[in-house]
Amino acid sequence: MIELRHLSKTYSSSSQEVNALNDINLTINDGDVYGIIGMSGAGKSTLVRCINMLERPTSGQVLVDGKDMGALSPAELRKERRSITMIFQQFNLLMQRNCLSNVCFPMELAGMKKSDAKARAMELLETVGLPDKADTYPAQLSGGQQQRIAIARALATQPKVLLCDEATSALDPTTTHQILTLIKDINRKLGITVVVITHQMSVVKEICSHVAILDNGTVKEEGLVGAVFAAPKSEAARRLVFPGRADKKVSDPASEQQLRLVFRDDKTTAVPLVARLAQETGVAANVISATTQMLSDEVYGSMLVGVPKNDIPLVIAYLSQYPAITVEEVSADVQ
Amino acid sequence: MFSNIFTSQSWQEALVCIKTEIPFAIWETFYVTVLATVLATVIGLPLGVLLVAGEKKGVLPLPGWLMKALNVIINLLRSIPFLILMIMVFPLSRLIIGTTVGTTATIVPLVVAAFPFIARLVEGSLREVDPNIIEAAQSMGASPMQIICKVMIPESIPSLIGNITIALTTILGYSAMSGIIGGGGLGKIAINYGYYRYKYLVMLIAVILLILLVQIFQSAGTKLSVSSDKRLK
């Protein structure tokens, strides 16, 4: 279990102070795939680096299985880092070593016998699907292949936690999907806790069980992916979940009030709601946007409709008969 | 002044010189250059590592005053003209070699002149290493020494070979200057024959041989540097 308690990080230069992280409190349970999502500059990378103390927090604690990471001696910290490994956006392989000895590298650092390290590295290359690349150098590989080697390297010391810092941000959508599938497999088969740092909604939707939304150095919202994404409460979350502003052009805020309807399960999502609304109340709603998506293996629907301002009470009263639908009024500037 | 350069008499003298003195002079130049480069690298490489690793944000931060002192000493040694430096290190040469004249004695000023240069070149090479790769090694639990020995130096090998080749050719040039204080080699022949005895043809031949040596060293170094770089295949 990883616990972040009142974690803050301030960068100070002579001219100014920047609060990269502000009183972060998160708990990541064993076996979770925990997404931390935010825009660039939100503090995601700093946050993940605080977990393995690549960045020292200014205040607050990081507890990994109860162990206070900040209180460890340098030697203890180095040992602990073997069980909290990391993969990166730019893969960061050693370019002058072939793939096999890249995978051997962390074992070499830990003082493992060379022949044992090699045997394990070969197994890991098998795990990530690149057993034939042992003698190849990283420069000869594609980005996706390099990330696979980096994943094999990260698994070498049998970690409990895998930190992924924008691990798929440099990859194309197909390769991203393959790498995410691999990470998910690793999570399921080896029971490794995964912390995913990303700015891509699609990444969180695809593999994460939990998500925290980071904005301006603070956690705005966190919880199960389905709960957070289906009905985002904070403005930062809304910006991420409903990024499009095209509806401004199809709905006139002077005459229409926008309502967001969130459908919590597949049965409700199957209800022909707009048609029934028209038949039973006579209100013609204007569908601005609608999606149905899988979040953590559950179906969620979300619809943005424009309703004539006078009919709002009627519509809300009508919709309240569906318990699995949540309705909220959306103002024109905060979606 | 060069009017008598290609007379039959001067050819005769040059031929004698080529047969008797030049082969040994080539060997002397070669041996002094290579030995001085090796010794200067032995001192300069660790210093170059310290210049990078010892920085405030480096992998092995050293006290600020120590870094400052290191930088000042290196800059100081690099600003003394080699001709003067050769004379200034006489006491050191006497202490180490026992004499201040002769080919072996010139290795001392060459090393003193070259190690700060090499330290700076090594510094440049190590700075080229991607800081993200160093961070990755840290995230795997590498100690500062492991990062230096297993990441920084191995990752910059091609650049280091290229830079040490530059140092080698520079030292070769310096070694020719050491003919003035009694050092042997092609430089001595060029000075003795050309400057003191007006035998310009011999001087010319010595210079051509020096050029050839530089060419050989440089192309061998470049080849080695390129072939060692696994990023280029």
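Residue numbers begin at 1 in each chain, while the letters A, B, ... track the order of the sequences. All values derive from a computational prediction rather than experimental measurement.
Neither the backbone nor the side chain of A/Leu163 comes within contact range of chain B; no heavy atom of the residue lies under 4.5 Å from a heavy atom of that chain. Contacts of A/Leu77 with chain B are absent, with no heavy-atom separation under 4.5 Å from either backbone or side chain. The contact between B/Ser143 and chain A is made by backbone and side chain atoms together, counting heavy-atom distances below 4.5 Å. Neither the backbone nor the side chain of A/Phe91 comes within contact range of chain B, judged by heavy atoms closer than 4.5 Å.
Taken to the nearest 0.5 Å, the CD1 atom of B/Ile133 stands 6.0 Å off from the CG atom of A/Asn92.
A heavy-atom distance below 4.5 Å is found between the side chains of A/Arg78 and B/Pro144. Looking only at side-chain heavy atoms (C-beta outward), B/Glu135 and A/Phe88 come within less than 4.5 Å of each other. Annotation: side chain of B/Lys230 is not in contact with side chain of A/Arg97 (no heavy-atom distance under 4.5 Å). Between B/Met140 and A/Arg81, the closest side-chain pair of non-hydrogen atoms is not below 4.5 Å.
Among the residues in residues 142-159 of chain A, those with a non-hydrogen atom closer than 4.5 angstrom to a non-hydrogen atom of chain B are A/Arg153. Using a 4.5 Å cut-off between non-hydrogen atoms, the part of residues 54-73 of chain A that approaches chain B consists of A/Leu54.
Within 6.0 Å of CE in B/Met145 there are 12 or fewer heavy atoms belonging to other residues, nucleotides or ligands. Around atom CZ of B/Phe30, no more than 12 heavy atoms belonging to other residues, nucleotides or ligands sit under 6.0 Å away. For A/Met1, the CE atom sits in a loose shell: 12 or fewer heavy atoms of surrounding residues, nucleotides or ligands are nearer than 6.0 Å.
The candidate from A/Leu94, A/Leu93, A/Ile87 with the greatest count of non-hydrogen atom pairs under 4.5 Å with chain B is A/Leu94. The greatest number of non-hydrogen atom pairs below 4.5 Å with chain A, out of B/Ala142, B/Gly141, B/Pro158, B/Ser156, is found for B/Gly141.
Using modelled atom types and a 3.5 Å distance limit, the side chains of A/Gln96 and B/Asp229 yield a donor-acceptor pair.
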